[in-house]
Amino acid sequence: MILDSFSLSGKVAIVTGARTGLGQGMAVGLAEAGADLVIVNRTPMPETEDVIKGLGRKCVPIVADLSSLDPIPEIINRTLAEFGKIDILVNNAGIIRRAPSMEFTEKDWDDVINVNLKTVFFLSQAAAREMAKNSGGKIINIASMLSFQGGILVPSYSASKGGIASLTKTLANEWSKHNINVNAIAPGYMATNNTKPIRDDEERNRSILERIPAGRWGLPEDLKGAVVFLASKASDYVNGHILCVDGGWLAR
Ligand code: NAP
């Protein structure tokens with residue numbers, strides 16, 4: 001029956017950036033759908049771990065800084081040691097730096113590109129090598145409205161998210177023959193730490209809210225349905241897609 005194809009029972013998912021915000025919401029959503037989790041973050045994630053274990057699912061936390069490629073072997077090896085396979089990878093960890101492009105520094109460029117794009121590619125590569133040895137898998141990248149639009153004062157962030165949209169399609173083209181689906185979720189304007197500065201700016205906050213047809217900022221739980229769909233059998237014929245969860249922002 002159709003609802004059975006959304007179940008993630010028996011599946012193993014890795015979610016990066018799972019301490020807070022969208023990563024935490026998606027990790028909990030995957031656990032609610034039945035998956036066991038490996039959660040990765042540069043700082044400890046006791047709250048996320050407690051919620052997942054409270055749902056009766058297994059949870060392995062790995063504290064790792066994804067601004068370099070160094071932690072990738074440990075993430076893959078620990079997942080295999082604990083669970084013997086990788087079914088789902090959610091590349092969520094991401095950062096943003098805001099400054100006028102005339103003054104933007106090389107460090108703010110490199111820091112954002114490293115976490116948001118370079119590590120996403122090489123962690124996907126490492127996970128896909130394991131998925132290809134089994135029956136395939138699901139890779140879900142986190143894109144942005146700035147995969148489609150330029151944004152304001154965020155040149156490295158919009159470049160990274162434009163890159164994520166292209167990378168998602170490239171990997172989908174190459175890896176579907178291994179039964180690996182690569183898709184992305186493009187969240188709209190979501191209430192997390194990432195957007196606190198623009199929510200605190202009364203003028204920006206008002207102009208953003210005016211454009212969202214849903215009339216509110218999104219919440220981490222708004223991504224649960226999309227991530228479970230893209231992680232499950234229900235989306236087996238969906239590949240290279242960027243699913244916008246934006247309260248209608250792009251339709252305006
Ligand atoms: P957030 O609240 O700032 O959370 C980001 C998470 O990633 C945190 O748990 C953070 O850990 C972790 N992280 C950051 N850098 C890391 C690193 N080098 N290594 C390991 N973990 C790292 O942001 P969010 O809004 O949930 O964003 C999650 C993703 O959604 C990002 O890719 C972001 O670009 C994307 N996104 C967000 C929005 C939005 O409106 N919020 C819209 C579109 C796309 P610590 O907090 O412990 O440092």
Side-chain angles (χ1 to χ4, degrees), residues 14-29 37-49 51 61-72 74-75 89-98 107-108 110-124 140-149 151-152 154 156-165 167-168 184-201 204-205 208-209 211-212 214 216-224 226-227 242-247 249-250:
I14 301 173
V15 179
T16 68
R19 183 187 70 81
T20 182
L22 306 183
Q24 182 182 50
M26 289 188 285
V28 171
L37 266 294
V38 173
I39 52 175
V40 184
N41 205 79
R42 68 182 160 190
T43 55
M45 305 147 275
E47 187 183 293
T48 311
E49 190 182 349
V51 176
I62 301 178
V63 174
D65 183 349
L66 297 172
S67 60
S68 88
L69 305 183
D70 297 345
I72 291 176
E74 189 207 344
I75 294 167
L89 169 65
V90 181
N91 284 306
N92 165 79
I95 57 171
I96 192 163
R97 298 280 163 78
R98 295 183 175 88
K107 179 166 170 36
D108 281 344
D110 286 345
D111 287 353
V112 171
I113 296 293
N114 283 341
V115 179
N116 293 18
L117 191 57
K118 184 176 178 184
T119 297
V120 169
F121 172 65
F122 285 100
L123 183 55
S124 298
I140 301 153
N141 296 324
I142 304 306
S144 164
M145 295 297 97
L146 303 194
S147 300
F148 308 99
Q149 304 175 311
I152 301 168
V154 288
S156 59
Y157 185 82
S158 56
S160 73
K161 295 300 184 180
I164 283 293
L167 181 64
T168 298
I185 295 172
Y189 283 79
M190 316 296 280
T192 67
N193 295 340
N194 174 301
T195 51
K196 188 169 186 312
I198 51 176
R199 281 180 291 117
D200 288 348
D201 176 338
R204 284 290 312 275
N205 187 45
I208 286 168
L209 276 177
R211 187 184 154 158
I212 304 173
R216 65 169 177 87
W217 285 78
L219 298 169
E221 45 268 40
D222 287 315
L223 297 190
K224 284 181 179 176
V227 77
I242 300 166
L243 177 52
C244 297
V245 182
D246 65 352
W249 173 274
L250 283 184

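As the structure lists them, so they are numbered: ligands from 1, and atoms in each ligand from 1. Every heavy atom of this structure was used, including side-chain atoms; hydrogens, water molecules and symmetry mates were not. The structure displayed is predicted, hence computed values, not measured ones.
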Nearest protein heavy atom to atom 47 (O) of ligand 1, by residue and atom, and its distance?
T43 OG1, 2.2 Å

Please check if any side-chain donor atom of S67 sits under 3.5 Å from a side-chain acceptor atom of D65, or the reverse.
yes

What do you reckon, does P220 put a non-hydrogen atom under 4.0 Å from ligand 1?
no

Which of the listed options, G94, G21, G23, holds the heavy atom that is closest to atom 5 (C) of ligand 1?
G94

Could you list the atoms of ligand 1 found under 4.0 angstrom from a heavy atom of N193?
2 (O), 3 (O)

Minimum-distance pair of heavy atoms, taken over all atoms of I75 and I62:
CA-CD1, 3.9 Å

Work out whether the distance between some heavy atom of A64 and some atom of ligand 1 is less than 4.0 Å.
yes

Distance filter under 4.0 Å to P187 heavy atoms, resulting ligand 1 atoms
42 (C), 43 (C), 44 (C)

With a cutoff of 4.0 Å, is M45 in contact with ligand 1, counting heavy atoms of the residue only?
no

Give a yes or no on this: more than 12 heavy atoms of other residues, nucleotides or ligands lie within 6.0 Å of atom CD1 of I152.
no

Closest to atom 20 (C) of ligand 1 among protein heavy atoms sits R42 N, 3.2 Å

A143 to ligand 1, any heavy atom closer than 4.0 Å
yes

Identify the closest protein heavy atom to atom 10 (C) of ligand 1: which residue and atom is it, and at what distance?
N41 OD1, 3.6 Å

Pull out every atom of ligand 1 sitting under 4.0 Å from any heavy atom of T195, numbered as shown with elements.
39 (C), 40 (O), 41 (N)

Going by the 4.0 angstrom heavy-atom rule, the piece of T20 near ligand 1 is both

With a 4.0 Å cut-off on heavy atoms, is W217 touching ligand 1?
no

Nearest heavy atom to atom 31 (C) of ligand 1, choosing from V112, N92, V90, I62, belongs to N92

To the nearest 0.1 Å, how far is atom 26 (O) of ligand 1 from its closest protein heavy atom, and which atom is that?
L22 N, 2.8 Å

